[in-house]
Number of protein chains: 2
Amino acid sequence: MLQHLLEDHGLRATQPRLRLLEFFAGTRGHFTPEEIFGHLRAQGQPISIATLYQNLRTFSEHGLVKEMIGQEGEVRYDTNMEPHSHMVCVRCGRLTDIHVELPDLRPPAQGHGWLIMQTRVDFHGLCPECQARA
Amino acid sequence: MLQHLLEDHGLRATQPRLRLLEFFAGTRGHFTPEEIFGHLRAQGQPISIATLYQNLRTFSEHGLVKEMIGQEGEVRYDTNMEPHSHMVCVRCGRLTDIHVELPDLRPPAQGHGWLIMQTRVDFHGLCPECQARA
DNA sequence: TTACGTGCAAACGTTTTGCACAAAC
DNA sequence: GTTTGTGCAAAACGTTTGCACGTAA
């Protein structure tokens, strides 16, 4: 129950928050604030843009969504909290999550005194549709 | 000679462009437009903010600098045109280039019909200074 | 001399903030 | 009844644009 999810994080279960959570629960993807705003309005469940931004931040601070930076620098939110990699289509911009077994990718950095805690891998290429179109 | 570099790309050798190139030639790093603006002004060689943005775009379109998106979504420019990876300090934000031999990192994506053209690897961790401070 | 570049000021899109009001507990 | 959240309108932010003027070729 979405109401409980909020309560468990010490957040009040308000209409805008429930609508936002419902949106996230019903979709898979990585959305910009503007896209989310549009979806909610299209569903006849508009929330104020200020409230949207405030709650996206609140949610991400409480670990309900993950904030990420897109290839163009846009801020995007998704609910896949598992560590995962991305495939990005260089033509249409489509972004898909994938799970990759990372081999022990150890940079020579360890020799330079860095302590590497996380390795992030992104793949860029052409999605099936864009290949077909080319 | 910086003048020739511009001419070779069909660009006029103007004062602002020479100052900008001089800045890039004299530093190593990944700078935001604002940082570059500040450096130039501090050196007593200010250029207009509009001219700066216009030329950063022009330079990157002509392959003189590379535009990249930072961890926070900021736009940054650097002159290291070789393919390389980044190490980012999660505490102080310091960003260093490194060269990593990528093993044949092939995502299961090939099976999903994607054509992967490029793999980007970023390392996140603690730089030596921040480790010492902790 | 003519095309290109500069730089101001204004416009822009996105995100944040101040604050009075409303809703949740 | 007290605290928390909402939503408007305004501000802030980084970036882009229109345009008259300057300058490189």
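In what follows, every chain begins at residue 1, and chains take the letters A, B, ... in the order their sequences are listed. In what follows, every heavy atom counts, from backbone to side chain, and hydrogens, waters and symmetry copies are set aside.
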Side-chain donor-acceptor contacts of residues 37-53 of chain B below 3.5 Å, not counting sequence neighbours, with atom names and distances?
residue, atom, partner, partner atom, Å
B:Ser48, OG, B:Ala50, N, 3.1
B:Ser48, OG, B:Thr51, N, 3.4

May I have the list of side-chain donor-acceptor pairs in residues 126-134 of chain B shorter than 3.5 Å, sequence neighbours left out?
residue, atom, partner, partner atom, Å
B:Glu129, OE1, B:Arg94, NH1, 2.5
B:Gln131, NE2, A:Gly113, O, 2.6
B:Gln131, NE2, B:Leu126, O, 3.0

**Report entry** Transitive ILVMFWY cluster of A:Met68, excluding itself - 4.5 Å side-chain cut-off
**Finding:**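 In the cluster with A:Met68 are A:Val88, A:Leu95.
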Requested in this report: Please go through A:Met81's hydrophobic cluster and name the other residues, only I, L, V, M, F, W, Y counting, with side-chain heavy atoms under 4.5 Å joining them.
Outcome: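 Besides A:Met81, the cluster holds no residue at all.
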Report task. Examine A:Phe59 together with A:Tyr77 and report whether their ring centres are nearer than 6.0 Å. Result ->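 No - the distance between ring centres of A:Phe59 and A:Tyr77 does not fall below the 6.0 Å cut-off.
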Please identify each residue that fulfils side chain to side chain donor-acceptor pair (under 3.5 Å) with [X], with sequence neighbours left out.
X: A:Gln118; result: none
X: B:Arg19; result: none
X: B:His9; result: none

Requested in this report: Apply ring-ring contact (aromatic ring centres under 6.0 Å, His included) to B:His86 and list each qualifying residue two or more places apart in sequence or on a separate chain.
Outcome: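 ring-ring contact (aromatic ring centres under 6.0 Å, His included) list for B:His86, sorted by chain: B:His30, B:His84.
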Query raised in the report: Taking DNA chain D as the partner, which of residues 12-20 of chain B come within under 4.0 angstrom of it by heavy atom?
Result: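 DNA chain D contact set from residues 12-20 of chain B: B:Arg12, B:Ala13.
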**Report entry** Contacting residues from residues 31-68 of chain B, given that a heavy atom lies under 4.0 angstrom of DNA chain D
**Finding:**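 Those residues whose heavy atoms fall under 4.0 Å from DNA chain D, taken from residues 31-68 of chain B in numerical order, are B:Pro33, B:Glu34, B:Ala50, B:Tyr53, B:Gln54, B:Arg57.
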Query raised in the report: the helix from C:dT1-D:dA25 to C:dC25-D:dG1: angle between its terminal axes, five pairs each, to 10°?
Result: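 End-to-end axis angle: 30°.
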Query raised in the report: On DNA chain C, which is the earliest and which the latest nucleotide, 5' to 3', with an atom closer than 4.0 Å to a heavy atom of chain B?
Result: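 Going 5' to 3' along DNA chain C, contacts run C:dA3 to C:dC8.
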